[in-house]
**Q** 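The structure that follows is given in the form of structure tokens.
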Amino acid sequence: MGTYIIRRLLGMIPMLLAITIFIFLMMHAAPGNAIESMINPKIQDIQALKQQLIQENGLNKPLYIQYVDWLWNFIRGDWGYSFAQHVPVTQLVLPALGNTLILAALAEVFILIIGVPLGIMQARKPYSTFDNSASIVNIILFSVPYFIIAIFLIYLLAIKLNVFPSQNAIGSGPNAGSVLDHLYHAFLPAFSIALASSAVYSRYTRGSMLDIARRDFTRTARAKGLPESVVFRKHVFRNGMIPIITQFGFDIGGLAGGAVILEGLFAYQGMGYVTLQAAQQRDYNVIMATSLIIAVCVLLGNLIADILYAMVDPRIRYD
Amino acid sequence: MSENLLEVTNLKKYFPINAGLMKRTVGHVKAVDGVSFTVAPGETLGIVGESGCGKSTTGRMIMRVMDSTEGRIIFDGQDITKLKGRGLRNIRTKFQMVFQDPYASLNPKMTIREVIAEPLLVNQVASGKQVVDRVAHLLETVGLRPDDMLRYPHEFSGGQRQRVGIARALALNPKMIVADEAVSALDVSIQSQVLNLMVDLKKEFNLSYIFISHNLAVVRHISDRVGVMYLGQMVEVSPKSDLYENPLHPYTIALLSAAPEAKRKEKRERIILQGDVPSPANPPKGCPFHTRCPRVMDVCRIQRPELREIRPGHFAACHLH
Amino acid sequence: MAVNVSVSKDKEKVVQGRKTKSPNRLAFERFMHNKLAVASVIILVLIALMSICAPLLTHQSAWQTSLLQTDLPPSIHHLLGTDDEGIDLFARDVYGGRADLLIGFVDTIIIMAIGIILGGLAGYYGGWVDAVIMRACDFMFNFPFILLIIVIVAIFNVSNIWLLILVIAFTSWPGITRLVRGLFLSIRESEYVLAAQISGANVWRIIFRHLLPNSLGPLVVNATLLMAGMIGAEAALAVVGFGVKPPSPSWGNVLSGALNFLTLQTEPWVWIPPAALITLTILCINFIGDGLRDAFDPSFVK
Amino acid sequence: MAESLLSIRDLRTYFISKDAEVRAVDGIDIDVKKGQIVCIVGESGSGKSMTSLSIMRLVPQPRGKIVSGEVVLDGKDLLTLTETQMTAVRGNDISMIFQEPMTALNPVLTIGDQITEVLHRHQRLSKREALKRAVEVLNVVGVPRAEQIVHEYPHQLSGGLRQRVMIAMAMVCEPKLLIADEPTTALDVTIQAQVLELMHKMREDFGTAIILITHDLGVVAEMADHVVVMYAGQVVESVNADELFDEPLHPYTKGLLQSIPSIDEEKDVLYSIPGTVPDAANFPKGCRFAERCPIAQPSCFEKMPALREVRNGHHVRCDLVE
Amino acid sequence: LTGCGNSTSSNNNSGSSNNAAAGKPVNGGTLTMADTTKWEDMFIPYLNDASPTFAMWELSFEPLMSYDKNLNLTPNIAKSWSYSKNKKTLTIKLDPNAKWSDGKPITSDDVLLFMNFIASPAYNKTFQGDYGYMVQPVVGSADVMSGKAKSFADTGGFKKISNTEFQLNFTNVDAAVLAADVSSYTPLPSHILGKIPFSQWQNMSFDKVPTVVDGAFIPKKVNGQSSITYDANPNYLHGKPHIAHVQLKYVSEDVLPSLIENGQIDMNIEGNNLDTNSFVKMEKDSNLSTEAQPAMSYGYVGMKLNESKFKSVKLRQAMNYAVDKQAIIQGVYKGLGKPAYGPLPYFDWAAAQPSDGMNTYSYNPTKAKQLLNEAGFTIPKGQKYRIDPATGKTAKYTLVYSSGSAEVQSICTAVAQNLQAVGLDVQLGTPLDFNVMLTKLENNSPGLDMFFLANGVGTDPDPRGTWGSNDPQNFGRWVNAKNDALIAETYSAKAFNKTYRKQAFIKWQLNVNQQVPQLFLYDRDDTWAYNKNVHIPASSWIPGGYTGIQNWWISQ
Ligand SMILES: Nc1ncnc2c1ncn2[C@@H]1O[C@H](COP(=O)(O)OP(=O)(O)OP(=O)(O)O)[C@@H](O)[C@H]1O
Ligand SMILES: Nc1ncnc2c1ncn2[C@@H]1O[C@H](COP(=O)(O)OP(=O)(O)OP(=O)(O)O)[C@@H](O)[C@H]1O
Ligand SMILES: [Mg+2]
Ligand SMILES: [Mg+2]
């Protein structure tokens, strides 16, 4: 297990390098000089300032040196300066990362509470009226674009009933910034994500459970005289959860940047939101940092998925 | 010039095992470890052995769908061991294969005609109406109705499908057919139909077979000579009656005694081997069979016995002889 | 349609047509028995016809602004009123489907083509070809797809719908590629492929005659999922301003123009039609996908 | 004569769907005496597995249904029991082993877990005791290193060992009846010999009756006291094992025996039964074997023959047999 | 004025409602305002140039002088000021009552600190600061800006006379400098910030929660870019505000109107927070008060006058006639604005009126066509578009605008369609990101013949920076000697006389009005909507926004 994790971690390094090169080259290929997006055209004596900035930012050096410099600075924690927001990128991105992780975690909890149990309930009584109607609800929920669900939730819960905030990742008042406050603000976006994903997860869970319920070893368990509840809990459930748990790992990483639209709608200052804003303002340093962080999150998510997989499935663990 | 159709010399196939931090190759599965035999024109060589002993791998190397690690395969006087591309394509028409699973060996999305015509078309030996005629003829040859040719495999039973598979193998008039467990998946009543068909075809077209199976009775029925494999090695090769009546290798003896026979008359004295077949990834030193051999000697643990001709035409790899 | 096969003279001349349904034909018949799926096909066709024949349905322009006619409520003249640029909303809804269906359809085709070729090569050849293509897939998976589109659209200033389609395709190919590879990898092991190889068939014949037809079921099902996803993505991108460039009509654009809560409250005719059209289209495609899955995989019984 | 343990009467198990009714088991009668080994042979699809699953009342849902019949074990009809009562029978009075030892064991639970859960369920043993008992039984079935193996997972064992574990699991409550559905088909001959040997031993040690399902007449010859030959969902011949090989009566059984090649002697041409098994969704009206039967008469196609006792204990479903 | 908001509202409930009914201010309550663009949590004035950040710190910091309804200067922290004879020295006296919130008086040093900061290289280079021009006229500005000198006190630009009195020395005589620059100087608390190097200012905790301010409200708690809580400043120069707390929240433009309607937000803070459609709906809501005030900007379409295609004055005039500006105002801004025809907003004291001879260029396509014909732009038979006599080819122009605003989009579409209607082939270019577009204009990149922009107008009408032939923001590159001469007149020594200065402005405007280097579109209004419980005296509203927040109050 230990070597397994180490091997996976080492295996991530070339991928990380490839990601950094891709991000660097993409930004480099962006039309327009990076400097031009940095400086305010109202400043007098623009040319001198431009030259100075080019010098300071090493933009006259060969490309690979620029890349190495950028990477080295990034590793050291110097992620550059946001020219649109006028703050160091770290100040912008790190809180956003925190917010996004809270959102992702909460969303996953909701999925665990809503989607997975629903799928399990469906699988317990497949082809029953309950199962069929749940399947229809799922496919509808799955077909409504998730931002429409989100808008509906904002309208209902934030504007009409005013029970949850519709905007921002933290509130005001004495408790602002506390854990509870964070969760309170993450509630609606997380719930929106969860509603849309739950449809997927319950379909997935149901399918996985039904698949396991057809397996030989389930039949063996029944032949041993175990009551249906035990058969389900101990045999079907345990095996059926393996792909779900793995998917969970993937999603934890994916949510880091995957909820762009929702973060935008909820003005939730997460990674997606910051990236979106930076994209609108062509704030290259921020885009580079967020893209890289998000890619790393996804990589780590995959790692988590693999580890979870190895943990629940002895066939992998004893490899 | 030899008069053999096929000569296999010291054939080996090692599959690398990758493990550890950097997924380096830490060892090899010695699936086939130095196998030699010959097949004469019109002869059937049966290969028996337990699961995982390397029968299929041998068959696939002969069919050149898998590269060998070492050794030589000479077919019809031509060394095909390293043949590639066009040369391989040309020679391939002369040896064909029949597969185990009658359900998996026919493309479910193709009609029977397309299945059988495929070798004809890709080798451009026939075209247009010729193809249809040839397919119809082949279907008749294997005992199916020619007007079945527009039907799809899913409409046929296992035995019928196996006949289609045989028709496909016959399409190019091959000299040799490798049949890998060709009847194992069939029910007994169907199995005999297919076996009879294969025997008939062999006579009709003067075919050579390499008949791979784990069923000793079936191999005895169809083969002229039989080879017994154990853990990647050929432990005994002999004309069949000699092998079945006077087996030399302890493994063959055990195998024959373990095989249940559909008769109640005399209860034979059975030799029940202890333990499992060792893993080909980590085969025992010396004789591969020494871990389970009831007559193991000290030399067996050290030295690997060579396949030697003990009696005329009867080869065995055992220190006892 | 039945092929007349003449066999040697004295045999029966015409092949019996009775039992010659191909597996695809059987799947099609099973599909046609699925009422929900068939209804979805009809609705989808109607929606497509609606946007293709838009000029027949309305003589209003979907582009021409008219600043003296902004934000009108529905009337006989403007069936769904006008938007804040004075463009007829009915016309925008009707024409808007063109962009969505175009993106959904063309992107699905492009992505399927990329997926089949790359996934096919990876699945067929294995080895380093597979390794390279799969690493590329893994690589792309590190960037959430909507986010990557947004970043690319923003920094390269993509404003043309065809370029947008390419960007979407560029970011979305790995899923299908992986799927195709997986399918091919498992089918490649099957004995009929081995038989074809032994017969001397070359790569392309094996891919197109054996591997592809036998992956058809999952591929078609996933193509529908993909298409639904693309239409959803168009709307999502429009909401954050990175979709089809306005004033080109698209459902996403019409909807994003109405994403203001006063409008949502007071002017349902602005947002309900595009939202309903998007949802209905995706729903139909998903039902069709479900139907196709059941049709191609009859063991998956209801 | 030993007393009767299980008696199946007119058991019918169908798969019912919208457009078809597959009669997998179509009115079979089987008797098993205490300590007896009854072999069920027949071609693929003849309903062997469905018979065994029907006895266990584990017919695949949602389409499989036991339509009629009775399965009387020790005087009580299993088909009338409630589901809870039935779970008390499974694994305790009757247990079962399956063909594929690879897939029949749960990959994520240890061997120990899987054996002890039977003990826990039926004998209310504590964890510690159950584990001890599991090790004991594993030793009995000849599993080496049993103390370690209880902590290992199925994928760490070889096929033969897994099947031994399956047998241990089935025997751990010392059931009256063991149903083995092709327990050796997936195994090599040498391993098969070991497992068959083991099943003999089980019968000796525990006095367990065994229903052994197979399509290999060799295994039948090796194991059976009594043989039931099935064809297309029906019993076509039911006879004492010695008599089966000496004097088969049903044309199908005869054909079957003649079509097997032998290790001991050489036959030039094998006998073969022409044609194939009829479709279970679409059985013909008369005798189901008539189409393939070498001695079929026109009447055979019209009327379904009944299973008759032709000699003492020898039942045949053929009107042409004297 | 005693007690804090809480006790007032709970103890004197009846009293306060009486007061409210009588329209008398009550103390206490919280005003929740919202912005729809995020601010940077940087409370140091001018450290960041984004308007939401300005809105945020303007609650807490005061400039030396303020303005009245007609944009005339009024005293604020500066109590009085006077010029020397040679008009090169300005002496300013600070209000001795002006105090920081910690009770310390506001001193000349606080003003100097601001000047040094605004000129420092750290500000201009590290922060890409934007307001160095404010101190440029002061003696020694070049030295301070380049880092050669540390302080204007050392260069002779600034002379401290006492704690409440100082002199500024200017390099040139300039009539605009007081209103355009000096009036905006915003004293910084030197007793707090004085010892900290400028380069560290943006990293200080001070800017997260500044403790010492001189404005009406003291920021108390900052929750990143989500919300800020302020308390009333008891030491505020104009008296402690009635409102006890202000809360500023960020919400997205889409939800703001709904949140104001259902009372979760009391008021928008910036005049461009509300989209026009919502505003029009909110005007009808009886629970809300609304306010529209002219914005300090006007919208125009610029032309690349350095290119030959726009050389013809008649062409430019024709364009101004051809566009239906009233329709744009009605359609896009629902009537909230006025058509523009000159460079200064109509409400400015210096704005030239039609009575002064300004041509309003009201919509007249016939006139436009006639002018085009006169200028030689003729339509070939059967064609839609005219031929440019200078090139002999179709008169074809690309109009570019910045992405992200549906309103700008509509306006440009309308302009293009209007111009096409008189035979000019104007096509919309790809919308560009605002900064990208500015950069392109800056660099005179090809491909944008015409461009839509909104031009901000200062509280002082000084046209420099935008209108001079070499000014950086003269994006159209309009070079006109007469114009330059007329501009110079507006800040000449004589222009210290306000009447003279106004006349100079009118002459300048008439020239611009005749030459029409731009296609003037509109002066639009900024809009606010607020809860009926919030009472804002009418006198608080001035062009561009509000003042006197200390006089506002909230009824329960
Ligand atoms: N592609 C492969 N990679 C690694 N190992 C392989 C591969 N193919 C076969 N092997 C191993 O080689 C050995 C021989 O396999 P082979 O299929 O030849 O056996 P076999 O005698 O045909 O067995 P069976 O009777 O089960 O078909 C086995 O241990 C198998 O696991
Ligand atoms: N889940 C199912 N749905 C529909 N029909 C089924 C199902 N399972 C089995 N059948 C049908 O029931 C019949 C009897 O099947 P059964 O599994 O009992 O055969 P078997 O004798 O055990 O064959 P084998 O030797 O292949 O195991 C067959 O015709 C089969 O097609
Ligand atoms: Mg094999
Ligand atoms: Mg079975």
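So that the names make sense, note that chain A is the first sequence line, chain B the second, and so on, each numbered from 1.
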**Q** Identify which of A/L265, A/I151, A/N162 forms the greatest number of heavy-atom pairs closer than 4.5 Å to chain E.
**A**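 Winner by heavy-atom pair count: A/N162.
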**Q** With a 4.5 angstrom heavy-atom cut-off, which part of E/K38 approaches chain A: side chain, backbone, both or neither?
**A**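 Side chain of E/K38 only, per the 4.5 Å heavy-atom cut-off to chain A.
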**Q** Is A/I154 in contact with chain E via its backbone, its side chain, both, or neither, using a 4.5 Å heavy-atom distance?
**A**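 Side chain of A/I154 only, per the 4.5 Å heavy-atom cut-off to chain E.
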**Q** What pairs with A/F164 under ring-ring contact (aromatic ring centres under 6.0 Å, His included), at least two apart in sequence or on another chain?
**A**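 Testing A/F164 for ring-ring contact (aromatic ring centres under 6.0 Å, His included), a comparison that skips the adjacent residues, returns A/Y184, A/F187.
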**Q** I'd like to know if the side chain of A/Q167 reaches the main chain of E/S252, judged simply by a donor and an acceptor atom lying under 3.5 Å from each other, with no hydrogens or angles considered.
**A**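 Judged by distance alone, yes, a pair lies under 3.5 Å.
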**Q** Does E/N531 have any side chain to side chain contact (heavy atoms under 4.5 Å, CB included) partners at least two apart in sequence or in another chain, and if so, which?
**A**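 Per chain and number, E/N531 pairs via side chain to side chain contact (heavy atoms under 4.5 Å, CB included) with E/D266, E/N533, E/V534.
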**Q** Among the options E/V251, E/D254, E/L259, pick out the one with the most heavy-atom pairs lying under 4.5 Å from chain A.
**A**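 When all of E/V251, E/D254, E/L259 are compared, E/V251 has the most.
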**Q** For E/F54, look at atom CZ and say whether over 12 heavy atoms of other residues, nucleotides or ligands are found less than 6.0 Å away.
**A**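 Yes - once you tally the heavy atoms of other residues, nucleotides and ligands closer than 6.0 Å, there are more than 12.
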**Q** Given heavy-atom pairs under 4.5 angstrom as the criterion, report whether the side chain, backbone, both or neither of A/Q280 touches chain E.
**A**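 Backbone of A/Q280 only, per the 4.5 Å heavy-atom cut-off to chain E.
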**Q** For the atom pair OG (E/S226) and CG (A/N99), what is the distance rounded to the nearest 0.5 Å?
**A**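 Interatomic distance, E/S226 OG to A/N99 CG, rounded to 0.5 Å: 7.5 Å.
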**Q** Given 3.5 Å as the limit, does a donor-acceptor pair link the side chain of E/Q264 with the main chain of A/P165, or not?
**A**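 No.
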